[in-house]
Amino acid sequence: MFNFLRHMRHILLNQGKTNRYLKYAIGEIVLVVIGILIALQINNWSDQRKYDERMQSFLKNIQKDLKTDIENSQENLKLISDYINLHKSFLTTTDYSTYSTDSLEKLLDTRYFRFETNHTTFDKITNSGITQISNDETLSDKIYNYYNTLLQRTELMNSWDLNSSRSKAEFIFSDETNFEIDIRNFGKENPQNIPMVLDSITNRKRMLDVLTKIQVRNELKIDLYRKSRIKEYFENREDTIKNLISDIEMVLETY
């Protein structure tokens, strides 16, 4: 096409037909411009397709990370619910005859519950210098809020439980502690089959003596309050995660 136009321009120029020559020259320029625009459009479309595929991959992987967070959260929420129920039951009764030694040991348990956040994909995104994960600005803001603001709050809750549980341990297992624990009741194996020195009746009585002290009851109340707040926070967090997974799914359907 361009060779033909160029040939026609030469003929017209030689024949002195300037006006027609200009028309062909302009036509050639227009075709060149159209060709460039088409090439740019194809290139832009290709770049956009690659960008969309990358964003889809990121969003799908974030979904997987969020589902992992829910699975870990649900396991911890079940354990913390049992923990709360046992403490509440003990603190609201004066009849301790129904409590086994195992249950008393669990009341003396100073465990803390750590809720993990899987931010593997988000870290890859931020390390790539990407500031907007989705064309949907609202969704992008929600994701950044989850992995920044909400993650900070999650770590604060984890630290609160860890530090307070350590304080509880220092308080209960002081130099005055005169009861014996069986590590099997803390969810661990006892491969050495370590024997108990105290007989079960004496040990149970000593545990009750400790647990019914005003100072220890207060410690249990504080622990109950803390665990209840933590449970409430992570239940709300789980709802946030579920909504975020749903929002991501809706956006993925638009690609």
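One is the number of the first residue; the rest follow in order along the sequence.
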Does any N or O in the side chain of Asp161 come within less than 3.5 Å of the main-chain N or O of Arg226, such that one atom is a donor and the other an acceptor? no
Tyr146 pairs by side-chain hydrogen bond (donor to acceptor under 3.5 Å, both in side chains) with which of Thr154, Asp69, Thr240, Thr117? Asp69
To the nearest 0.5 Å, what is the distance between OH on Tyr112 and OG on Ser159? 8.5 Å
If only atom types and distance count, is the side chain of Thr254 paired as donor or acceptor with the main-chain N or O of Val251 below 3.5 Å? yes
With a 4.5 Å cut-off on side-chain heavy atoms, are Leu108 and Phe179 touching? yes
Would you kindly say whether Ser167 and Ser164 are connected by a side-chain donor-acceptor distance under 3.5 Å? no
Between Asn118 and Thr120: side-chain donor-acceptor atoms closer than 3.5 Å: yes
To the nearest 0.5 angstrom, please state how far the CD atom of Glu232 sits from the NZ atom of Lys227. 15.5 Å
Nearest atoms (heavy-atom pairs only) where Ser165 meets Arg111: OG-O, 3.3 Å
Close side-chain approach of Arg114 to Glu155, heavy-atom, < 4.5 Å: yes
Candidates Lys205, Lys213, Arg206 - the one meeting salt bridge (charged side-chain N to carboxylate O under 4.0 Å, His left out) with Asp209: Lys205
So Tyr144 and Ile125, do their side chains get closer than 4.5 Å, heavy atoms only? yes
Is it true that a side-chain atom of Ser134 and a backbone atom of Ser140 form a donor plus acceptor pair closer than 3.5 Å? no
Leu79 vs Phe113 side-chain heavy atoms within contact, under 4.5 Å: yes
Measuring from Leu91:CG to Thr212:OG1, what's the distance to the nearest 0.5 Å? 11.5 Å
Would you kindly confirm whether Leu252 and Leu66 end up in one hydrophobic cluster when ILVMFWY residues are joined by side chain heavy atoms under 4.5 Å apart? yes
Which of Leu150, Asn236, Ile70 passes side chain to side chain contact (heavy atoms under 4.5 Å, CB included) with Ile241? Answer is Ile70
Measuring from Lys124:NZ to Asn61:CG, what's the distance to the nearest 0.5 Å? 7.0 Å
Nearest heavy-atom pair of Glu238 and Leu77: which atoms, and what distance? OE1-CD1, 3.3 Å
Can you check whether Ile245's main-chain N or O pairs, donor with acceptor, with Gln63's side chain at less than 3.5 Å? yes
Hey, could you give me the CZ/CG distance between Arg204 and Leu211, rounded to the nearest 0.5 Å? 10.0 Å
Hey, is the main chain of Ile130 close enough, under 3.5 Å, to the side chain of Ser128 for a donor-acceptor pair? no
Compute whether any side-chain donor of one residue and acceptor of the other, for Asp102 and Ser100, lie under 3.5 angstrom apart. no
Walk me through it: do Ile80 and Asn76 pass the test side-chain contact (heavy atoms from CB on, under 4.5 Å)? CA-CA 6 Å; Ile80 204 171; Asn76 265 350; 5.9 Å; no
Would a hydrophobic clustering, with Ile, Leu, Val, Met, Phe, Trp and Tyr connected at side-chain separations under 4.5 Å, put Val216 with Tyr96? yes
Assess the residue pair Asp95 and Thr93 against the criterion (side-chain hydrogen bond (donor to acceptor under 3.5 Å, both in side chains)); give the C-alpha distance rounded to whole Å, side-chain angles, the decisive distance to 0.1 Å, and a yes or no. CA-CA 6 Å; Asp95 180 13; Thr93 188; 5.7 Å; no
Are any of the side-chain heavy atoms of Leu59 and Ile143 separated by less than 4.5 Å? yes
May I ask you to decide if the ring planes of Tyr83 and His87 are parallel, tilted or perpendicular, using 30° and 60° as cut-offs? parallel
Could you tell me the separation between the CG atom of Leu86 and the CG atom of Leu107, rounded to the nearest 0.5 Å? 4.0 Å
A side-chain contact here means heavy atoms from C-beta on lying under 4.5 Å apart; do Thr101 and Met207 qualify? yes
Check whether Asn203 reaches the backbone of Glu180 with its side chain - one donor and one acceptor, N or O, closer than 3.5 Å. yes
Heavy-atom donor-acceptor pair, Tyr99 side chain to Phe90 backbone, under 3.5 Å: yes
Please tell me whether Ile230 and Ile222 are part of a single hydrophobic cluster in this structure, the criterion being side-chain heavy atoms less than 4.5 Å apart. no
Less than 4.5 Å apart, side chain to side chain, heavy atoms only: is that true for Phe115 and Met157? no
If only atom types and distance count, is the side chain of Lys168 paired as donor or acceptor with the main-chain N or O of Leu220 below 3.5 Å? no
Report yes if some heavy atom in the side chain of Asp65 is under 4.5 Å from a heavy atom in the side chain of His119; otherwise report no. no
Quick check on Arg217: does its CZ atom have over 12 non-hydrogen neighbours (other residues, nucleotides or ligands) under 6.0 Å away? yes
Would the distance check show the side chain of Ser246 and the main-chain N or O of Lys242 forming a donor-acceptor pair, the cut-off being under 3.5 Å? no
Once the angle between the rings of Tyr147 and Phe122 is folded into 0 to 90°, is it parallel (under 30°), tilted (30 to 60°) or perpendicular (over 60°)? parallel
Indicate, with yes or no, if Phe171 and Leu208 share a hydrophobic cluster defined by side-chain heavy-atom contacts under 4.5 Å among Ile, Leu, Val, Met, Phe, Trp and Tyr. yes
Give a yes or no on this: more than 12 heavy atoms of other residues, nucleotides or ligands lie within 6.0 Å of atom CD of Glu75. no
Donor-acceptor pair, side chain of Asp223 and main chain of Glu219, under 3.5 angstrom: no
Does a donor on one side chain and an acceptor on the other come within less than 3.5 Å for Tyr225 and Arg229? yes
Could you state whether Leu104 and Leu198 fall into the same hydrophobic cluster, counting links through intermediate Ile, Leu, Val, Met, Phe, Trp or Tyr residues with side-chain heavy atoms under 4.5 angstrom apart? no
Residue set satisfying side-chain contact (heavy atoms from CB on, under 4.5 Å) with Ser81, at least two apart, ordered chain then number -> Lys231
